[in-house]
Amino acid sequence: AQKITQTQPGMFVQEKEAVTLDCTYDTSDPSYGLFWYKQPSSGEMIFLIYQGSYDQQNATEGRYSLNFQKARKSANLVISASQLGDSAMYFCAMREGRTNTDKLIFGTGTRLQVFP
Amino acid sequence: IAGITQAPTSQILAAGRRMTLRCTQDMRHNAMYWYRQDLGLGLRLIHYSNTAGTTGKGEVPDGYSVSRANTDDFPLTLASAVPSQTSVYFCASSEFLSGTGKDTQYFGPGTRLTVL
């Protein structure tokens, strides 16, 4: 079974609008971390935001926020006020605490295109 | 500028040849990782190392080997390349301080490998 599921292969959003990228996860480990990375066309992987399983509040980093719904096992990324430069692939990833490593399990990604 | 460097940037390789992808980090991170990225599959972990002198297998280790002689370097070797190893390879590192929660992984720029 997939541990990280991103059901949206592609998304379109108009500049200055907000967009939500979906991510659901599957783990029985009570301690885990959830990450979002951005991969622009240049290919590098850029860390955006992190949410720990015990964090009481949703994580925010500038225009990025993570809508963490633990009971639903979802960790959706919300990008507010989209910019043309936000066009990229976005990957959700999970780190499980019981593995005793920081290794990440990635979803298959969502390609976001921002249009003027 | 601190970070992770990978070499080569890209390589075309004949099947059956041996190839080593190099990865060096200057952040003094304990842990390092190798992922491969394939279209539609996201990033999958090949091997990892929590600290110098130790290594572990990831999700797709077959056909690859790694070593971790020191903190900074984590080379990935393909002993006898096959076409299915055509992919983009990313090296990453993290502090790996268990219990601190936010052990973000930072990625290198990637190596694009084509095996013919």
Side-chain angles (χ1 to χ4, degrees), chain A residues 1-10 21 23 25 29-57 59 61 64 66 88-111, chain B residues 1 3-6 9-10 25 27 29-51 54-61 66 68 74 87-113:
Chain A
Q2 290 287 336
K3 290 209 166 188
I4 294 286
T5 302
Q6 294 181 255
T7 57
Q8 305 155 315
L21 306 184
C23 174
Y25 59 92
D29 192 336
S31 175
Y32 52 89
L34 297 158
F35 300 78
W36 277 91
Y37 284 84
K38 172 184 179 181
Q39 187 179 41
S41 57
S42 52
E44 71 267 34
M45 295 288 288
I46 302 168
F47 166 73
L48 294 179
I49 197 167
Y50 164 84
Q51 179 86 42
S53 59
Y54 295 119
D55 293 345
Q56 294 298 312
Q57 293 187 327
E61 291 284 352
Y64 304 108
L66 202 151
M89 281 289 288
Y90 289 81
F91 291 96
C92 180
M94 176 174 66
R95 171 179 51 81
E96 293 177 300
R98 65 185 166 192
T99 62
N100 197 33
T101 78
D102 282 349
K103 61 184 182 183
L104 295 175
I105 301 166
F106 282 85
T108 53
T110 295
R111 181 171 297 282
Chain B
I1 297 175
I4 301 175
T5 57
Q6 292 185 236
T9 302
S10 65
Q25 55 105 357
M27 296 178 281
H29 283 169
N30 292 320
M32 298 186 74
Y33 313 83
W34 275 106
Y35 295 88
R36 60 177 287 173
Q37 182 178 21
D38 303 291
L39 194 63
L41 295 176
L43 280 78
R44 294 179 293 168
L45 183 68
I46 304 171
H47 285 286
Y48 68 94
S49 169
N50 281 345
T51 187
T54 69
T55 62
K57 293 182 179 180
E59 183 184 358
V60 288
V66 292
R68 186 88 184 277
F74 191 43
S87 187
V88 179
Y89 291 85
F90 285 97
C91 180
S93 72
S94 69
E95 289 188 21
F96 187 47
L97 302 173
S98 289
T100 64
K102 188 176 178 179
D103 298 332
T104 301
Q105 282 191 27
Y106 298 93
F107 284 77
T111 293
R112 183 175 296 275
L113 181 67

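Proteins get letters first, then strands, A, B, ... in listed order; numbering begins at 1 in each.
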Contacting moiety of A:Gln39, where chain B heavy atoms sit under 4.5 Å: side chain
Toward chain B, the part of A:Tyr37 with a non-hydrogen atom under 4.5 Å: side chain
Pairing residues for B:Arg44 by the salt bridge (Lys or Arg N to Asp or Glu O under 4.0 Å) criterion, not counting sequence neighbours: B:Asp38
Heavy-atom contact with chain A under 4.5 Å, split by part of B:Leu43: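 Answer is both: backbone and side chain atoms of B:Leu43 are under 4.5 Å from chain A.
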Contacting moiety of B:Gln37, where chain A heavy atoms sit under 4.5 Å: side chain
B:Tyr35: partners by ring pair (Phe, Tyr, Trp, His ring centres under 6.0 Å), with sequence neighbours left out: A:Phe106, B:Phe107
